[in-house]
Amino acid sequence: MPSDPIPTYAPIRDYALIGDCRTAALVSRWGSVDFLCLPRFDSPSVFAALLDARRGGRFSVRPAGEFRARRRYIDSTNVLETTFEARGGVLRLTDVMSVAGEDERRGELLPEHELLRCLECVDGEVEVEVACDPRPRWAAAEPALRDRGALGFTWDFDGQLLALRSEVPIAHPARGRQAPPGAGHPGGEGVRGRETLRAGDRRFLSLASATAEPGIFLPLGDAAARRLERSLRWWRGWVAGCSYAGPGREAVVRSLLTLKLLTYSPSGAVIAAPTTSLPEEIGGSRNWDYRYCWLRDASWTLAAFFDLGFRDEGQAFFSWLLYATRMRTAVPAGHRWTPRLRILNVLYDVHGEVRLRERQLPWLEGYAGSRPVRVGNGARGQLQLDIFGEVVQAASEYVERGGTLDASEGRLLRQLGETVSRLWREPDEGIWEKRSGRSHHTYSKAMCWVALDKLLLLDERGAIALPAAAVRRFRGERDALRHAVETEGFNPRLGSYVDVFGGEDLDASLLLLGLRGWDDPARSPRLAATLAAVRGSLESNGLLYRYRPGADGIPGGEAAFGICNFWLAEFLARAGRLEEAMAQFERVLGYANELGLFGEEIEPQTGAALGNFPQAFTHVGLISAALAITAACGGPRRPGSAAAAGTATGGAEDVKGKGGAGAGGPSGTAGTAGTAGTAGTTGATGAAGSQGVRR
Amino acid sequence: MNLGSILLWGWLATMVLTTCLAASQGLGMSRMSLPLILGAALTGDRQRANVYGFVLHIVNGWLFALLYALVFESWRRATWWLGAILGLAQALFILAAVMPLLPYVHRRMATEELGPNPTRQLEPPGFMALNYGRHTPVATVLAHLLYGAILGAFYSLTPR
């Protein structure tokens with residue numbers, strides 16, 4: 001039979017994601033867990049074969065001989081099923097990180113995390129091989145492997161415990177509790193197992209972890225089957241709260257499930273991606289750590305949760321957002337901290353911490369030789385002015401969906417307005433966090449305008465109380481911003497807005513001017529011309545790059561940027577070009593892997609996924625585009641859009657007009673009924689809150 | 001016996017011991033959690049086990065302070081180093097004798113012979129509680145040395 005050859009490095013799009021809303025694992029189509037960090041998303045790795053196939057460590061379960069694999073998520077859940085068609089029969093592997101609701105886990109001693117793998121031979125006879133090689137702390141730690149008898153095997157490292165229990169007989173090859181099979185896996189301090197299964201046979205493997213407390217060893221067999229069923233029930237119950245019924249529902253639900261996987265339940269934070277250093281160019285150096293939370297897509301993330309019916313998640317995310325931005329601020333180079341200056345950091349960790357020092361791990365060769373492998377993120381020290389608008393817009397979206405702001409939150413937002421008023425005339429690194437120095441980015445200035453505009457709107461609606469002097473100041477600065485963008489950010493020769501003031505280049509972020517309330521894409525000739533110019537300049541094989549390749553000052557190239565292509569679909573929908581929007585939306589959906597997952601970038605010629613995977617930013621863009629198309633089809637309008645809110649282009653009178661038109665926005669799409677659908681599965685209360693996924 | 005002194009210094013010594021052991025967990029030296037181990041004997045709910053266990057742990061601290069006071073009274077002497085010796089003896093006894101016995105008396109602790117079942121799932125400590133990390137004996141001895149030293153240094157003998 002033609003077999004799927006096992007590559008040294010699986011293509012990025014051949015990975016699936018499973019997780020428990022605290023951490024997540026990447027599973028290849030060859031049944032190998034190649035990336036897992038414990039105990040949380042941004043912890044050091046336990047398995048990192050993704051970043052070094054030889055040294056990184058993996059947990060592999062697959063047929064011993066040749067096979068072909070196909071995969072799916074079971075129903076609308078994050079439980080992965082891989083079916084191997086081997087020479088002698090068919091083997092089904094089900095992978096999940098156990099989750100359970102509050103009620104179900106009450107009264108049970110459960111481990112902090114459990115990776116549960118279920119093997120079933122559904123036809124014929126298949127020999128399976130198991131190899132588990134944990135290489136903790138990015139393969140730098142030396143875990144102590146112990147045979148614990150009936151408890152299984154354990155690895156001790158850095159005060160943590162990994163415990164593997166298996167119904168497939170396993171042994172440590174060097175110690176030989178059972179004769180080691182011919183391996184086929186890179187060597188190391190791991191365990192191996194091999195067994196021939198016949199139709200109807202079922203075997204469980206459970207890898208549990210403990211940090212700072214005694215380990216919990218869970219029984220296998222029927223008890224493990226119940227944990228698997230419980231996890232399925234939890235995910236089904238959670239996703240049942242989805243109210244979306246528009247085009248691309250399957251893709252939207254998958255995106256939603258992926259966002260939930262990337263949500264750190266204890267705080268409500270949503271990380272950008274569960275991986276680090278997956279390259280934007282194979283063999284290149286554009287390898288970044290995305291296991292943190294960026295503010296640049298905060299308002300979309302919030303809107304995605306709310307508009308799909310998940311108020312608890314939206315509320316939790318908003319609480320985290322304000323908590324993080326209130327508690328942790330950074331002062332970029334060239335500025336001195338003052339009480340009235342509230343500088344937002346570009347990224348935060350899941351608890352709002354900003355000290356995320358970037359360092360390289362030179363002992364890892366990187367995905368397919370893409371060095372360096374980085375952990376931490378150097379973008380933390382950058383100044384990114386657009387995120388001020390992003391946070392204020394998130395607050396505005398929150399209020400439009402029925403949320404209320406307390407006095408301290410109002411003060412925080414006012415501080416952001418004051419900071420924008422002081423800083424907007426300065427250059428920044430821009431939305432893409434370029435490392436080539438600061439410029440006056442048009443999109444950053446436009447988002448500063450959004451920040452002040454939304455603050456004034458919130459004040460007019462009584463959601464916050466601004467002093468009269470602040471209102472006057474904000475109005476003045478807002479109008480100055482409008483003037484600056486329209487004069488310096490627009491290039492008359494090109495007939496288009498441009499990436500930086502006085503520039504000649506285009507940038508896909510300019511499409512956001514039509515999505516963020518700067519102007520109505522259905523009526524603005526300037527935006528229509530900008531759309532044409534952006535497509536003409538940045539489109540390749542039907543896919544948009546975020547900016548001209550090489551414009552960021554980093555050696556090497558990159559691929560088309562996933563979310564920009566959904567921005568394009570959303571822009572077209574809001575411009576009233578519905579057929580084009582639908583075509584664009586469906587075409588981009590075609591670049592997802594067979595599980596519906598998107599990475600950060602798409603290689604235009606081959607369709608290969610590049611960059612960290614899967615990418616929350618891309619999935620948020622997908623949801624936003626789907627909602628915009630639904631609205632354009634006559635479905636419920638979303639709040640926050642220029643078209644829906646009647647955003648004006650000028651002063652305070654215009655703001656008043658917008659308030660009236662937008663007031664009715666959130667009805668319909670949000671669908672508050674049935675938040676998460678499962679008792680005790682949500683209810684996060686922000687940074688200090690907790691959710692029902694067990695710990 | 002000076003009950004007030006037992007209550008006061010027993011409480012303080014227990015706080016110091018608890019802090020030391022918690023710090024050893026936080027610093028990755030040990031995974032031994034006496035509150036969880038004690039509490040899990042009462043309930044299978046992890047969160048409740050930690051709370052119940054913490055309360056039990058404090059009460060235990062007072063009870064042991066009572067024992068220490070009896071020893072001090074019988075010796076008619078209480079010094080920090082005598083207390084530390086008692087602490088050392090207690091720590092070694094717990095690590096070497098009590099811990100290996102625990103799986104056979106704790107209703108939720110698994111054994112390496114039989115493996116886990118739906119009730120018994122908690123990791124057994126093993127000799128010197130080394131299953132919870134190789135620095136566990138050091139952390140435990142250090143915490144009990146401090147516990148005993150505080151009691152020995154501050155306990156006021158009853159006048160005769």
Side-chain angles (χ1 to χ4, degrees), chain A residues 39 43-44 100 102-112 114 136-137 141-144 146-167 204 206 208-227 690 692 694-695, chain B residues 21-54 99 102-103 106-127 129-136 138-140:
Chain A
S43 301
E102 289 280 1
D103 290 344
E104 290 184 301
R105 68 195 171 108
R106 191 161 293 141
E108 286 191 45
L109 278 179
L110 294 171
E112 291 173 14
E114 184 194 23
R137 209 192 323 132
E142 293 183 8
R146 289 178 61 200
D147 181 346
R148 304 280 293 272
L151 296 179
F153 284 88
T154 61
W155 289 263
D156 266 291
F157 58 95
D158 301 342
Q160 295 185 52
L161 179 85
L162 271 184
L164 175 66
R165 307 203 66 241
S166 169
E167 289 179 329
F204 280 98
S206 165
S209 73
T211 310
E213 286 197 337
I216 304 293
F217 294 85
L218 295 174
L220 301 176
D222 290 343
R226 284 194 292 275
R227 294 198 299 279
S690 65
R694 66 166 175 69
R695 179 163 205 176
Chain B
L21 291 178
S24 73
Q25 290 177 258
L27 295 172
M29 292 173 65
S30 170
R31 287 183 291 104
M32 185 170 74
S33 167
L34 290 178
L36 178 63
I37 293 170
L38 290 170
L42 301 177
T43 174
D45 186 307
R46 192 185 189 114
Q47 290 175 3
R48 286 185 188 172
N50 270 307
V51 175
Y52 295 168
F54 187 80
M99 286 297 180
L102 217 48
H106 194 299
R107 58 195 283 240
R108 286 199 172 75
M109 194 164 277
T111 67
E112 299 196 353
E113 295 79 29
L114 300 176
N117 64 34
T119 306
R120 292 176 171 270
Q121 297 172 356
L122 193 63
E123 182 181 19
F127 178 67
L130 282 165
N131 286 351
Y132 298 155
R134 61 194 169 98
H135 297 301
T136 303
V138 177
T140 308

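Convention: sequence-line order gives letters A, B, ...; per-chain numbering from 1.
- Considering every non-hydrogen atom in both B/P118 and A/P219, the closest pair reads N-CG, 3.9 Å.
- Of the listed residues (B/D45, B/T136, B/T43, B/I37), the one with the most heavy-atom contacts under 4.5 Å to chain A is B/D45.
- Across every non-hydrogen atom of B/A40 and A/L109, the tightest pair is CB-CD1, 4.2 Å.
- Most heavy-atom pairs under 4.5 Å with chain A: of the set B/G126, B/P125, B/G115, B/P116, this distinction falls to B/P116.
- B/L27 does not touch chain A: none of its heavy atoms, backbone or side chain, sits under 4.5 Å away.
- With respect to chain A, the highest number of heavy-atom pairs below 4.5 Å among B/N131, B/L114, B/T119 belongs to B/N131.
- Heavy atoms closer than 4.5 Å to chain A are found in both the backbone and the side chain of B/L122.
- Neither the backbone nor the side chain of B/S24 comes within less than 4.5 Å of any heavy atom of chain A.
- Residue pairs meeting the salt bridge (Lys or Arg N to Asp or Glu O under 4.0 Å) criterion with at least one member in residues 23-43 of chain B, sequence neighbours excluded: A/D156-B/R31, B/R31-B/E123.
- Note that the CD atom of B/E113 and the CG atom of A/L151 stand 8.5 Å from one another [nearest 0.5 Å].
- Heavy atoms only, all atoms of each residue included: B/Y132 and A/P214 are closest at CE2-CB, 3.6 Å.
- Under the salt bridge (Lys or Arg N to Asp or Glu O under 4.0 Å) criterion, B/E112 pairs with A/R148, sequence neighbours left out.
- Contacts with chain A were tallied for B/G44, B/A129, B/S30; B/G44 has the most, counting heavy-atom pairs under 4.5 Å.
- Of the two parts of B/P124, the backbone and the side chain both hold a non-hydrogen atom closer than 4.5 Å to a non-hydrogen atom of chain A.
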